[in-house]
Structures are given as C-alpha cells and as structure tokens.
Amino acid sequence: MVYKSMIDNFKNQITKQLKELIPLSEEEISNLLEVPPKQDMGDYAFPCFTLAKVLRKAPPKIAEDLVNQLVLEPYFSEIKVVGPYINFYYNKILYIQSVLKSIIDWDQSKISSIGDGKTIVIDFSSPNIAKPFSIAHLRSTSIGNSLSLIYKYMGYHVVKINHLGDWGTSFGKLIVAYKLWGKPEELESNPIKKLLELYIRFHKELDDKPELDDNAKMWFKKLEDKDDEATRLWSWFKDLSLKEFNRMYDILGVDFDKYWGESFYQDKIEGVLDLLNQKRLVNESQGATIVDLGEYEMPPVLLKKQDGATLYATRDLAAALFRWDQFQFDEMIYVVGGEQELHFKQVFKVLELMDFQWVSRCHHVPFGLIQFKDGKMSTREGKIIFLEDVIEKAKSLALQKIEETLMEKGESGQLSNEEKNQRALIVGISSVIFSDLKNHRQRDILFDWDEMLNPKGETGIYLQYAHARLSGILRNFSRRIGDIKTDDIQISEAASFDIAKELSLFQERIIHAGNIKEPSVIAKYLLDLGQSFSTYYRANQVINEQNIPLSYERLLTVLAVKKILSDGLKLLGIQPLDEM
RNA sequence: GGGUCGAUAGCUCAAUUGGAUAGAGCAACAGCCUUCUAAGCUGUAGGUUGCAGGUUCGAUCCCUGCUCGACUCACCA
C-alpha cells in the first residue's frame, strides 16, 4: 500500500546501515526494531540484548559503539543511546509529510492484497427463528459483520452465511404451544413477541405437565417426516420471524450472501450419514446414532435421537460439507458463542476422521456471553433484552441531546424531524455496536444500561463526534477560504507529529485485527487516534484567515484523520456521521 | 470431578503476543465555551497485575500448583 511504502523508507535506512555493522540480516534487524513505549524515547528503538551473546559485550556498550557509526540524514534528526537501546528520532517534518500526503493520495477500496484470490466463508448472526433478536445476538452479528468487512478490506473474497436456527426440537415445542394457546390474529400483529410468549408459557407449564415435552418431540419428528400441518406451521413461524430479523439487519446495516439455515441442509443429511457409515464411524448407543469420540477424550457426537430425529451436530456436518463443495474456501469461520466450543471441537474431529483435510481451515471464533447481574440471559425464562429496545433507548437519548444542542445554538427550527431522527438513530446504533466491539471477544460482558448508553468517554459517540468535527472543519474551510487544494503543500510545523504516527499504524492494526479475528483492535486504535486528534485541533486552530498557508498545511492532517477514522468506523459496521 | 476461558486502579477495560517508569475511560477533585460543534479539552489523585513457585539478562504475558468466577461435559442449539 502507498503510505506504508513511504514510511518504510525510514525503517530501511536503519536496517541497511545496521546490516553493515553487525552480523544480522536485514530481516532480523527489521524484526528486532520496535516502537518505544514513550514519546521521549524516540520513534524507533533497536535493542542490543540479542547481540550481547554474539559480540560478547554488554548491551549498553554495543549500543555506544554502534551509534557513532550511524548516519542520520535525512530521515532522522537524532540517534541516542539509552542503556541497551539505540533510539532513533524521526525528522518530524519529513515524516509528517510522508504520512499525510500518502494517505490522502491513496484511493483504494482495500488496504492489502493479502487475501487476493482467497475465499473466506463466515458463519455469523444465526438467530433462532421464533425467538426475539436479543442483545445477545448482537455479539455474533456485530463481530461477524466487522470481521467480514475487515477481510474484504484485506482483499479476501468473503461469503457471509446466516445459519438460521430454523430447525430442531424447539419447533416441536412451538407447534404444541401454538395449538394449545395460540391465536392466529395475535401472531400476525406482533409475531416475535407472541411466539416468545408461547415459548415461555410452554416451559412454565412443563413443570406441571411433563407430557408436553414428549408431545413436542413428536411434533418435531412429524416435521422431519414432512407432515403437512407441521410444515405449514413451521413455515409460517419462519416467515414471520424472518420479516422481523430483516428489519433488524436493515437497521444495523448488515446483510448476508446466503440465508442457509439449518432446515436448508435437511435433504443433504442422508448423504452425510451414508458417508459416515461407509467410513465405519457410526455406532448405535442406547437407541441413538452416534460417533464415538472416547478415544479423543470427548463425549460422543449424537447424529440421531432415539426417535430418529436429527440433531444440530448432524446439520452442522452437512453444512460444512455442502459449503466446502460450493466454495472450496481457504478458511471458514464460525462466529458462535464460547459455550459451543465443545460442539465445534467434536464436529471438526468428525470431519477429520472422515479424512477431509480442509477441516484445518475451519475455525470456531468464540466470544463471551452477555450476563446480567443476577446470572445468564435465558429465553425460556423470558430473561431477555431486545436489541431493538436498546437501540430505541440509545436513539431517544441522542435525539434529546441533538435538540438541546440546536436550542443552545438558537437553531431549533433548522433541522427537519426526519433528519434529526436519522442522525439520532445512527448515533444510537454507533454506541450500541461500539460498546460491544470495544471489548475483547472472549470476555463476558455484564449488561449494564448505564454503560451501554453512556455518551462519554471511550464510546462510539466519542468517535462519531470526532468525525463530525473533522467534517465540520472541512465544510467551514471550503466555505471561508475556498476550494481545497492539497498539491505541493509543504509541512513546516511539527504539531501533528503524534497524529501522523497514529495514522501510520492503521494498516498493521487492520491486518492484526484480521489475523487474530479481533475487531476490538480496531476499536481501540480508533479511540487512540480520536484522542490524539481531539488534543490536536483544540490546540491548533485549523482555519486561520490571517495565515492561509498554515491553514492548508493543517488541513492535510484533518483530511488524513477523517479518511482513516471514517474507514475504521465502517470496518466496525458503523456509518460515520458528518454532522451531529 | 474433567475440559475451555477469564481474574490488571473504587468501576469497565488496554498493554503492539517476552521488553524500558503497566496505560485509557468512568466515577472523584481542580480548571477551560467573545476562537473551526463543550457528546469536547487540560490537570490531580488512584497499582504487591488473584495467590505461591519456576523458566531468563528481563514475566501482566510462557510453565506448574492453588483460589475465585463464567461456560461446558449423550438425545436443546
């Protein structure tokens, strides 16, 4: 990528010179070079520990000897020894200029060619039909969506699959509950809520009437056997739910290439079972069909229940085979909660036993649960928070703030209600998505209304605000000073040095995030960048009518930060706002 | 009991995968709106990185043991 290669000049000067002085290759030197933890320690540091053994000298002595032989012009302004480290200080002006101009000139839709010609299949979101889209589903959805955007940005061909939970025993339960207590017109008017009520009531009454469970199993078996009534009800429930889910996906700005739910693989299961039989992997146990994994210290995988009905592991196997057949992916990732870790280990093990080498390309990407103060979220107990309620609440807080601000500025009538609502919605979604993505995947999240809706500090709102301020400066600039021309601008002041350094990290952070499948890396990065910029523009007035050249110069920083912030937010699935 | 993951400032979390004096935000306190949007900025205070060992020049990070918590361990997904 463009700006990376320009920055490489700085590093290359170090490696080329050091290579002549010490018994290490350029690559080894490059790997050893690190960024010091503190500003006043310079911009690059070369640690001399590893040389100590080879040269049989103390690291500080080695550093002393080397530093006198290094030439610093033009890329560095100073080279200093601090203990066992050689610290290099950039020529700030040259550095800022390199970084800013190359970012601004760069107009690619992707940041790397790492993924060129490679396909990643990503299975995420996958909500259960007939259950509400809760705050818990947000995790898989936001992490999966962000990862797919990151991979696309890295050059991969990405296939997004929504593995809808549209098959299984819970449909038996729903059918039973509906036949007992449901009313068609109620369901049509408020499908998800009414379906949820049926589901909850089923489990409530189960305590007194254990026979309900057998009934449910029977109805699911009927569904698998293509019973007319069962199929009709199932398909109706599914339509109602999908309509609701798609509404949420629209709000979140998430889409999928394939809506291949569990039911989609129904007609592919027999083939898989045949294959397993051929490979002699199948056993009977207690009336159920299983694959015994005792040898690998895992519980058995259940393929069929006593009554012959399939289970989710069966469908996951069929899904994996079918997806391989369709895409020959270089990698397939399942963005699914950590509680299913064992399940995926088992499924992958079975695929391995079936001699499918490509199983090494399959990865479970687990994430932590959302917990309440008094324990786990539970659909059955109705202990659940609807994502839509969270977004709605976040939105109404944002709307209130927008109106306050307009009032203060005396511009109350200036904005249409529609525009206000639109902005408030984006702000609300930003804070909800960001509060999810800023945490390490694997951490459990304690659900806390105050924290999720907090407009201050390390939040999506903070980043939106920074982006809006950047956009505002650009607007004001062209209005007051004229068109923005960035050609041939020279940098003369070092004020934006810290920001330039932050900006130069963008590419490696994206790639790192993709490699460890961790969107929070980007979230943290954007917060750092936002903070650097907030400090910068508070201290340095960009538009200065008395000094137009200086204005142009500072404008480069604004342009570059806006570009990176905007791209970064988009990678998290957040739409950047130009005005707040 | 077995397995997996986690434990860092009062609270929520970082720490570029083994490097220099462990950093942010929230809450608290003290400042900053005749200057491009104060959803902001500056400063103060806050630490035996759960405990005990080990590996080495060097450990929040790797190894062992323990404590606490979450998840999971055959007919739910």
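Naming: A, B, ... by sequence-line order, numbering from 1 per chain. Since this is a predicted model, take the numbers as computed values, not measurements. Basis for what follows: all heavy atoms, side chains included, without hydrogens, waters or symmetry-related copies.
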- [ ] Please report the C-alpha distance between A/D316 and A/H343 in whole Å, then the side-chain angles of each, then the deciding distance to 0.1 Å, and finally whether the side chain to side chain donor-acceptor pair (under 3.5 Å) criterion is met.
- [x] CA-CA 10 Å; A/D316 268 354; A/H343 163 72; 2.6 Å; yes

Open item on the list: Whether A/T169 contacts B/rC76 is assessed here as follows: a side-chain N or O lying under 4.0 Å from the phosphate OP1 or OP2. Is that the case?
Closed with: yes

TODO: Check whether any side-chain N or O of A/K456 sits under 4.0 Å from OP1 or OP2 of B/rA39, and answer yes or no.
DONE: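 The answer is no; no side-chain N or O of A/K456 sits under 4.0 Å from OP1 or OP2.
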
Between protein and nucleic acid, restricted to nucleotides 4-14 of chain B and to nitrogen or oxygen atoms under 3.5 Å apart, what atom pairs and distances do you find?
from: B/rU4; atom 1: O2'; to: A/E341; atom 2: OE1; distance (Å): 3.2
from: B/rU12; atom 1: O2'; to: A/E451; atom 2: OE2; distance (Å): 2.9
from: B/rC13; atom 1: O2'; to: A/K524; atom 2: NZ; distance (Å): 2.8
from: B/rA14; atom 1: OP1; to: A/H440; atom 2: N; distance (Å): 3.1
from: B/rA14; atom 1: OP1; to: A/H440; atom 2: ND1; distance (Å): 3.1
from: B/rA14; atom 1: OP2; to: A/R443; atom 2: NH1; distance (Å): 2.6

Take atom [atom1] in [N] and the same atom in [M], then report the distance between them in whole Å.
N: B/rG10; M: B/rC68; atom1: P; value: 22 Å
N: B/rC11; M: B/rU17; atom1: C1'; value: 27 Å
N: B/rG65; M: B/rG25; atom1: C1'; value: 36 Å
N: B/rA9; M: B/rU49; atom1: P; value: 10 Å

Task: Within residues 535-553 of chain A: residues closer than 4.0 Å to RNA chain B (heavy atoms) - done: A/T535, A/Y537, A/R538, A/N540, A/Q541, A/V542, A/I543

TODO: For RNA chain B, determine which residues of residues 309-317 of chain A have any heavy atom closer than 4.0 angstrom to one of its atoms, and list them numerically.
DONE: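 Within residues 309-317 of chain A, the residues near RNA chain B are A/L311, A/Y312, A/R315.
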
Task: Dot-bracket summary - RNA chain B, pairs being Watson-Crick or G-U whose distances fall under 3.5 Å, with | when paired to another strand - done: (((((((..((((.....[...)))).(((((.......))))).....(((((..]....))))))))))))....

Check nucleotides 19-22 of chain B against the protein and report each pair of N or O atoms closer than 3.5 Å, with its distance, or say if there are none.
from: B/rG19; atom 1: O2'; to: A/Y85; atom 2: OH; distance (Å): 2.5
from: B/rA20; atom 1: N1; to: A/N87; atom 2: OD1; distance (Å): 3.3

TODO: Determine the interplanar angle of the A/H137 and A/F133 rings, folded into 0 to 90°, and report it as parallel if under 30°, tilted if 30 to 60°, perpendicular if over 60°.
DONE: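 Tilted.
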
Task: Pairs where residues 395-407 of chain A contributes a residue and the test side chain to side chain donor-acceptor pair (under 3.5 Å) is met, not counting sequence neighbours - done: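 For residues 395-407 of chain A: A/K395-A/N421.
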
Task: Shortest side-chain distance from A/I402, nucleotide among B/rU17, B/rC36, B/rA39 - done: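 Out of B/rU17, B/rC36, B/rA39, the nucleotide with an atom closest to A/I402's side chain is B/rA39.
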
Task: Test item: side-chain donor near acceptor, A/S534 and A/Y462, under 3.5 Å - done: yes

